[in-house]
*Asks:* 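Can you read through this structure? Questions will come right after.
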Amino acid sequence: MDHNLFINCGGSKITVDGNEYEEDLATEGPSFFFASSQKWAYSSTGVFMGNRNANYKANNTFSLNLTGADFYKTARLAPSSLKYYGLCLRRGSYNVRLHFAEIMFSDDQTFSSLGKRIFDVSIQGNTVLKDFNIAEEAKAVGVGLIKDFNDTLVNGSTLEIHLYWTGKGTTAVPDRDFDVRTGLSVGAIVGIVAASCVFLVLILGVLRMKGYLGGKDPEDKGGF
């Protein structure tokens, strides 16, 4: 059984500091399970709302000048839940090192700056990072960040690392389907129209209850 494991999430096989990192190149979307040579596996669930063409892998668009920067050139994405499993490990205590970098959202005034990634991380069912925001923690986007969790106990032969969205922040930047005549996105137009219809129905309902549209008999004011 193996007693160490290195995975380059969303990227190709690389060697850093003498350690060979397994490639992780699957491109399948929601509700997907992948196992690699009985050494590790991952599962991904969820759908990126507002982004029909969302990718489940990301490529770094920022210029990084860091030791081991290959870690941060690619990443695996999941809108709701992403679990990695280390398989066939020896029973004992492990040191878990997670590498993070915000390579999806920018910090400028462009459309890609609208997102904010916030998620939790648990190891072996225990929450180790709560409301974790990579960019805030690293003080910038496109900057590598390392989190170490020592003395992680594996009682059987499986190590589970779970990254999951808890309803805070955004899971993806929405599609930019703009109407050239108004400058509004198609989704925004549909939402505005739907909200206007609901508001109109509500107003008509109130007016009818008040008796202005014949829904209620006028009060008998008495005669002279």
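Throughout, numbering of the chain's residues begins at 1 and tracks the sequence.
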*Asks:* For A78 versus T45, what's the shortest heavy-atom pair and its separation?
*Replies:*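 In terms of heavy atoms, the two residues are closest at CB-O, 4.5 Å.
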*Asks:* Given 3.5 Å as the limit, does a donor-acceptor pair link the side chain of R91 with the main chain of V154, or not?
*Replies:*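 Such a contact is absent between R91 side chain and V154 backbone.
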*Asks:* Within this structure, what is the CG-OG distance for the pair L77 and S44, rounded to the nearest 0.5 Å?
*Replies:*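 So the gap between those two atoms works out to 8.5 Å.
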*Asks:* Taking side-chain contact (heavy atoms from CB on, under 4.5 Å) as the test, write out the residues that go with N133, two or more places apart.
*Replies:*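 side-chain contact (heavy atoms from CB on, under 4.5 Å) list for N133, sorted by chain: K116, I118, A135, E136.
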*Asks:* What about F132 and F100, are their ring centers closer than 6.0 Å?
*Replies:*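 Yes, the ring of F132 comes within the 6.0 Å limit of the ring of F100, centre to centre.
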*Asks:* Do L87 and L5 have side chains that approach each other closer than 4.5 Å (heavy atoms only, starting at C-beta)?
*Replies:*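 The answer is no, as the side chains (C-beta and beyond) never meet within the 4.5 Å cut-off.
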*Asks:* Tell me every residue that passes ring pair (Phe, Tyr, Trp, His ring centres under 6.0 Å) with F33, counting only those two or more places apart in sequence or in another chain.
*Replies:*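 Partners of F33 under the ring pair (Phe, Tyr, Trp, His ring centres under 6.0 Å) test: none.
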*Asks:* Holding to side-chain contact (heavy atoms from CB on, under 4.5 Å), I want the full list of residues that pass it with K57, two or more places apart in sequence or in another chain.
*Replies:*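 By the side-chain contact (heavy atoms from CB on, under 4.5 Å) rule, K57 matches L25, T27, N55, R76.
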*Asks:* Could you tell me which residues satisfy ring pair (Phe, Tyr, Trp, His ring centres under 6.0 Å) with Y85, sequence neighbours excluded, listed by chain and number?
*Replies:*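 Not a single residue meets the ring pair (Phe, Tyr, Trp, His ring centres under 6.0 Å) criterion with Y85.
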*Asks:* Could you tell me the separation between the OH atom of Y72 and the SG atom of C9, rounded to the nearest 0.5 Å?
*Replies:*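 SG of C9 is found 12.0 Å from OH of Y72.
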*Asks:* Applying side-chain hydrogen bond (donor to acceptor under 3.5 Å, both in side chains), name anything that partners D131, two or more places apart in sequence or on another chain.
*Replies:*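 By the side-chain hydrogen bond (donor to acceptor under 3.5 Å, both in side chains) rule, D131 matches K168.
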*Asks:* Looking at CZ of F119 and CG of L82, how far apart are the two atoms once the value is rounded to the nearest 0.5 Å?
*Replies:*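 Reported value, rounded in 0.5 Å steps: 9.5 Å.
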*Asks:* Going by side-chain contact (heavy atoms from CB on, under 4.5 Å), name the residues that satisfy it together with T74, two or more places apart in sequence or in a different chain.
*Replies:*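 Counting only residues at least two positions away or on another chain, T74 forms a side-chain contact (heavy atoms from CB on, under 4.5 Å) with N8, N59.
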*Asks:* With sequence neighbours left out, write down each residue that passes side-chain hydrogen bond (donor to acceptor under 3.5 Å, both in side chains) with S36, or none if nothing qualifies.
*Replies:*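 Applying side-chain hydrogen bond (donor to acceptor under 3.5 Å, both in side chains) to S36 gives W40.
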*Asks:* Do the side chain of Q124 and the main chain of E160 share a donor and acceptor less than 3.5 angstrom apart?
*Replies:*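 Yes.
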*Asks:* Indicate the atoms forming the closest heavy-atom contact of A101 with G144, along with that distance.
*Replies:*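 Nearest pair, atom of A101 first, then G144: CB-CA, 4.2 Å.
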*Asks:* For residues S80 and G46, report the shortest heavy-atom separation together with the two atoms involved.
*Replies:*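 The answer is OG-CA, 3.6 Å.
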*Asks:* Looking at residues at least two apart in the chain, or sitting in another chain, which of them share a side-chain hydrogen bond (donor to acceptor under 3.5 Å, both in side chains) with S81?
*Replies:*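 Result, side-chain hydrogen bond (donor to acceptor under 3.5 Å, both in side chains) vs S81: H162.
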*Asks:* Hydrophobic clusters here meaning ILVMFWY residues chained together by side-chain heavy-atom distances under 4.5 Å, can you tell me if Y84 and Y164 are in one?
*Replies:*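 Per the 4.5 Å side-chain linkage, Y84 and Y164 are not co-clustered.
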*Asks:* Enter the distance from T15:OG1 to E20:CD here, rounded to the nearest 0.5 Å.
*Replies:*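 So the gap between those two atoms works out to 5.0 Å.
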*Asks:* In Å, rounded to the nearest 0.5 Å, how long is the span from CG of L89 to OH of Y94?
*Replies:*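 L89 CG to Y94 OH: 4.5 Å, rounded to 0.5 Å.
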*Asks:* Which pair of non-hydrogen atoms, one from A26 and one from Y42, has the smallest distance, and what is that distance?
*Replies:*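 Answer, listing the atom of A26 first, then Y42: CB-OH, 3.5 Å.
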*Asks:* Who passes side-chain contact (heavy atoms from CB on, under 4.5 Å) against F6, sequence neighbours left out?
*Replies:*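 Scan of F6 (side-chain contact (heavy atoms from CB on, under 4.5 Å), adjacent residues dropped) gives N4, N19, Y21.
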*Asks:* For residues 145-153, which side-chain N or O atoms pair as donor and acceptor with protein atoms under 3.5 Å away, sequence neighbours left out?
*Replies:*
| residue | atom | partner | partner atom | Å |
| --- | --- | --- | --- | --- |
| K147 | NZ | E137 | OE2 | 2.7 |
| D148 | OD1 | R97 | NE | 2.7 |
| D148 | OD2 | R97 | NH2 | 3.1 |
| T152 | OG1 | F149 | O | 3.3 |

*Asks:* Do I14 and F71 touch side chain to side chain, with heavy atoms closer than 4.5 Å?
*Replies:*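 Result yes, sub-4.5 Å side-chain heavy-atom pair found.
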*Asks:* With rounding to the nearest 0.5 Å, note down the distance linking OG in S122 to CG in L163.
*Replies:*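 Going from the OG atom of S122 to the CG atom of L163 covers 8.0 Å.
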